[in-house]
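Contents: one structure, followed by commentary.
Computed over heavy atoms, backbone and side chain alike; hydrogens, waters and symmetry mates excluded.
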Amino acid sequence: MLNEIELNQLIESIDEELRKNGIPIKSRCDRALMKISKELKISLPLFPTKNPIFSGAPDVYCKAVHQWYQNRYGDRLKELSDWGCFIVLLKEDFWEFNVPEFFGECNFFISQDINDIGVGSSCNILATCNDITQDFADSLVDSDMEMIFHSFVSALDFYTALTRFNVHNLSMWEAAIADFRAARNHMLFGTPHYGQAKWSFSQFIEKLFKGLLVKAGVKNPRSFGHGLVDLAKAYNEMYSAEVSIEKIGELKTSSEVRYDQAKVTKEEIIKVQFLVFDVVKEISMSLTS
C-alpha cells in the first residue's frame, strides 16, 4: 500500500498528464481514480464512505484522491457536466439521472432511501438524481422503481458503447456529441421544445453513421442527405452489420418538427431517447464483433 507522500506524488503526476491531454477540471478526479485503479490493480469506490467498517486501502485511496482535488481546485470541481445522464418521465414530469463513471466493479442497486448512496463499490441509482427529494422518492410505486432501474441499465449500456467510438477517431464525432447534448437541453432547459430535441437526436445518429462511412472509405457521405434509413443500410453493408432498420425508421424525423408544424409529446421524446441508446449499442457491437 502506498504511503501518503507516494500517493500524493502519483495523483500529482496523473493530474499533470490529464491537464496536458485537455481533460477539464470537473472530470479529472474521476479520471485519476480510473488511472490509479488500473495502475494498482484495485477496484476503487465511486465516493469515500463515512462508515469506519469500510476503511481499507480502496477507501483510503478514494478519500485521498477526492481530498487532493478538493484542495487543489475547490469549487471548480462543482461545474455541472451534461455528460452521463438520462431522462425519465415520472408523474408527467421529466427527471434527470446521472450515470456515474466507475472503475473495476460496481454494484448498482435501487432503494427509495436516497440517503443510502451505497458503500464501497456500490451505488443507489435513485440517489444519482440530483433534484429528487425523499418525499418524492417515497411516492414512487414498484412499477416506477422498475422503470428507473431498466432505464439506468439501458443508459449504462449506451455510455459504455460510446467509449468504443472514441478509439476510432471518427470525423463529425464532436458535432455528433454536440447534437446529443442539444437534445437533452431542448428537453430540460429554457422553453422546452421536444421537436428540436427529436431533431437533435436524429442528427446525432446521422453524424455517427456518416463518420463511420467516411472511415470505411465513402468520399461524400453528405450525398445521403438526412436519410437515416439509407445511411443505416449503407453502414450494414459496409460493416457486415445488422443494425435494426426498423428502429432507424422510428428515428426518422422530418425537419418540420423544428418549426412546430409537427408536435412531439413527452412520451414520444422519451421513447426516442431510448431508441437512440439501443441503436448506438447495436452499432458499437458491430464494431467490436
Side-chain angles (χ1 to χ4, degrees), residues 26 29-30 33 43-55 58-59 62-63 66 70 75 77-160 180-181 183-194 197 201 264-278 281:
K26 64 190 177 186
C29 183
D30 289 346
L33 283 167
S43 293
L44 298 181
L46 298 170
F47 305 103
T49 177
K50 296 179 181 179
N51 191 329
I53 295 176
F54 300 93
S55 57
D59 196 62
C62 183
K63 287 178 179 177
H66 278 270
Q70 184 60 47
D75 287 343
L77 293 171
K78 299 178 182 178
E79 296 175 14
L80 294 177
S81 171
D82 55 6
W83 183 251
C85 305
F86 66 99
I87 300 166
V88 299
L89 189 60
L90 289 167
K91 304 182 188 300
E92 289 75 51
D93 288 320
F94 285 148
W95 292 82
E96 184 179 43
F97 289 78
N98 297 310
V99 179
E101 288 187 278
F102 63 96
F103 319 109
E105 297 181 355
C106 184
N107 174 38
F108 290 105
F109 66 96
I110 188 163
S111 166
Q112 285 176 278
D113 180 3
I114 62 174
N115 292 313
D116 179 10
I117 63 173
V119 295
S121 298
S122 63
C123 177
N124 181 5
I125 294 168
L126 208 63
T128 69
C129 179
N130 296 328
D131 300 321
I132 200 166
T133 64
Q134 188 60 62
D135 183 73
F136 186 82
D138 290 340
S139 75
L140 299 175
V141 298
D142 289 347
S143 59
D144 295 326
M145 299 288 281
E146 184 176 356
M147 182 271 290
I148 294 169
F149 182 83
H150 289 297
S151 296
F152 178 85
V153 171
S154 178
L156 180 61
D157 287 344
F158 166 73
Y159 286 108
T160 301
F180 178 76
R181 292 175 174 173
R184 170 198 176 232
N185 292 341
H186 286 308
M187 292 171 70
L188 295 177
F189 302 122
T191 302
H193 197 290
Y194 310 136
F201 276 133
V264 177
T265 65
K266 285 183 176 181
E267 291 78 8
E268 183 179 355
I269 196 60
I270 288 294
K271 180 180 179 181
V272 167
Q273 174 192 236
F274 287 104
L275 273 173
V276 165
F277 288 0
D278 287 346
K281 182 181 177 181

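Taking CD1 from Ile132 and CZ from Phe97, the interatomic distance works out to 5.0 Å, rounded to the nearest 0.5 Å. Between the CG atom of Asn98 and the CD1 atom of Ile125 there is a distance of 12.0 Å, given to the nearest 0.5 Å. Between the CZ atom of Arg184 and the CZ atom of Phe189 there is a distance of 4.0 Å, given to the nearest 0.5 Å. A distance of 14.5 Å separates CG of Asn185 from NE2 of His193, quoted to the nearest 0.5 Å. In this structure, CZ in Phe274 is found 10.5 Å from CZ in Phe158, a value given to the nearest 0.5 Å. Interatomic distance, CE of Met145 versus CD1 of Ile110, reported as 4.0 Å (0.5 Å rounding).
In this view, Lys271 and Glu250 satisfy the salt bridge (Lys or Arg N to Asp or Glu O under 4.0 Å) rule, not counting sequence neighbours. Residues passing the ring pair (Phe, Tyr, Trp, His ring centres under 6.0 Å) test with Phe94, sequence neighbours excluded: Tyr194.
With a 6.0 Å radius and a threshold of 12 heavy atoms from other residues, nucleotides or ligands, Lys281 has its NZ atom at or below the threshold. For Asp135, the CG atom sits in a loose shell: 12 or fewer heavy atoms of surrounding residues, nucleotides or ligands are nearer than 6.0 Å. Within a 6.0 Å radius of CG in Asp142, other residues, nucleotides and ligands contribute 12 heavy atoms or fewer.
Contact detail for Ser111 and Leu126: the closest heavy-atom pair is O-CD2, 3.4 Å. In terms of heavy-atom proximity, Asn124 sits nearest to Ile114 at ND2-CA, 4.3 Å.
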Candidate pair Gln70 and Cys29, rule side-chain contact (heavy atoms from CB on, under 4.5 Å), full reasoning: CA-CA 9 Å; Gln70 184 60 47; Cys29 183; over 6 Å; no

Check step by step if side-chain contact (heavy atoms from CB on, under 4.5 Å) holds for Leu89 and Trp95. CA-CA 6 Å; Leu89 189 60; Trp95 292 82; over 6 Å; no

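Contact check for Glu96 versus Leu188: side-chain heavy atoms found under the 4.5 Å cut-off. The shortest side-chain heavy-atom distance between Thr128 and Val99 does not fall under the 4.5 Å cut-off. Looking at Thr265 and Glu267, their side chains come closer than 4.5 Å, going by heavy atoms from C-beta outward. Proximity of Phe109 to Asp116: side-chain heavy atoms (C-beta onward) are separated by under 4.5 Å at one or more points. Inter-residue side-chain proximity for Asp144 and Val141 is flagged as met; some heavy-atom pair is nearer than 4.5 Å. With a 4.5 Å cut-off on side-chain heavy atoms, Cys123 and Pro100 count as touching. Side-chain contact between Ile87 and Ile270 is present, with at least one heavy-atom pair separated by less than 4.5 Å.
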Atom pairs and distances, donor-acceptor, side-chain atoms in residues 146-155, under 3.5 Å, two or more places apart:
from   : atom 1 : to     : atom 2 : distance (Å)
Ser151 : OG     : Met147 : O      : 2.8

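The backbone N or O of Gln112 lies less than 3.5 Å from a partner atom in the side chain of Gln134, making a donor-acceptor pair.
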